[in-house]
Amino acid sequence: MSTVKTNTLTGTTSAGSIVVTGEGGSTTTNLQQGLAKSWLTFNGSSTAALIDSLNVSGITDNGTGDFSFAYSNNFSTANSYVAGGMVAPSSNSVTTYTLRPYSSASLATSSIRFSMVYNTGSEGVSDYPYGASTMVGDLA
């Protein structure tokens, strides 16, 4: 087996576009389109704080269970990416908790706003000690 070492990959048709053959060999995936462009883990209880992140420059605590995250590099449009997430009352329990966009207007090119929700009949919003999210899409 050979090893390829490089710092930069450039597509032959388009500089930022590289096609990779998928598992099974019958489909292809665009490498650039398939990468997470932003992700984060954060503490949502007491003093809100990022634990670790990629392409996230800061966190704002807007109130109980309500947080905003600013991107270091903007997405191309508010409709050019998707975000999903999870919330946990501890590091080993994520069964019925969700990190979801605060409202339909919570996606912006430079930030996103999330609610920490316990998915019960009452859908309680609260500050939980662990939240995580991944955003995929097109950067500006």
Side-chain angles (χ1 to χ4, degrees):
M1 177 149 99
S2 298
T3 301
V4 175
K5 294 183 178 183
T6 184
N7 289 328
T8 305
L9 295 172
T10 303
T12 56
T13 306
S14 172
S17 182
I18 297 173
V19 176
V20 178
T21 302
E23 303 83 331
S26 61
T27 61
T28 60
T29 300
N30 182 296
L31 183 62
Q32 180 183 13
Q33 292 272 310
L35 298 174
K37 303 300 175 28
S38 182
W39 59 263
L40 60 97
T41 57
F42 72 102
N43 179 345
S45 60
S46 50
T47 302
L50 289 169
I51 298 169
D52 200 0
S53 67
L54 170 71
N55 193 27
V56 177
S57 62
I59 181 173
T60 301
D61 188 342
N62 302 307
T64 303
D66 180 1
F67 301 90
S68 295
F69 304 96
Y71 300 124
S72 302
N73 298 291
N74 291 353
F75 282 88
S76 59
T77 69
N79 297 319
S80 68
Y81 71 100
V82 63
M86 65 178 197
V87 170
S90 66
S91 62
N92 60 359
S93 174
V94 294
T95 54
T96 57
Y97 299 82
T98 305
L99 187 66
R100 70 177 182 204
Y102 186 78
S103 69
S104 60
S106 66
L107 293 173
T109 59
S110 61
S111 64
I112 189 167
R113 189 170 176 179
F114 277 117
S115 294
M116 296 181 108
V117 179
Y118 177 59
N119 295 324
T120 64
S122 62
E123 293 218 347
V125 175
S126 188
D127 288 342
Y128 295 104
Y130 183 81
S133 181
T134 303
M135 287 63 95
V136 295
D138 298 329
L139 292 178

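Quick note: numbers below take in every heavy atom, side chains included, and nothing from hydrogens, waters or symmetry partners.
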Looking at F75 and V136, what are the two nearest heavy atoms and their distance? CE2-C, 4.4 Å
With clusters defined by side-chain heavy atoms of hydrophobic residues (ILVMFWY) lying less than 4.5 Å apart, directly or transitively, does I59 cluster with F114? yes
Rounded to the nearest 0.5 Å, how far does OG1 of T134 lie from CG of L40? 8.0 Å
Side-chain donor-acceptor contacts of residues 5-12 below 3.5 Å, not counting sequence neighbours, with atom names and distances?
residue: T6; atom: OG1; partner: T8; partner atom: N; Å: 3.2
residue: T6; atom: OG1; partner: T8; partner atom: O; Å: 2.9

Under 3.5 Å, is there a donor-acceptor pair between the side chain of D138 and the main chain of S80? no
Establish whether V87 and L50 are linked, either directly or via other cluster members, by ILVMFWY side-chain heavy-atom contacts under 4.5 Å. yes
Is there a donor-acceptor contact under 3.5 Å from the side chain of T28 to the main chain of T21? no
Least distance between heavy atoms, M135 atom then A83 atom: CG-CB, 3.6 Å
Can you name the closest pair of heavy atoms from S68 and N62 and give their distance? OG-ND2, 2.8 Å
Output yes when a side-chain donor or acceptor of N55 lies under 3.5 Å from a complementary backbone atom of K37, and no otherwise. yes
CZ of F69 to CD1 of I112: how many Å apart, nearest 0.5 Å? 9.0 Å
Assign the ring pair Y81 / Y71 to parallel, tilted or perpendicular, where the plane angle (0 to 90°) is split at 30° and 60°. perpendicular
Student check: side-chain heavy atoms of R113 and D66 closer than 4.5 Å: yes
Side chain to side chain donor-acceptor pair (under 3.5 Å) partners for S72, two or more places apart: none
Using side-chain heavy atoms (C-beta onward) and a distance below 4.5 Å, is D61 in contact with F67? yes
If you group Ile, Leu, Val, Met, Phe, Trp and Tyr by side-chain heavy-atom gaps below 4.5 Å, do W39 and L35 land in one group? no
Can we call the ring centroids of Y130 and F42 under 6.0 Å apart? no
Residue pairs fulfilling side-chain hydrogen bond (donor to acceptor under 3.5 Å, both in side chains) with at least one residue in residues 42-52, sequence neighbours excluded: N43-S45
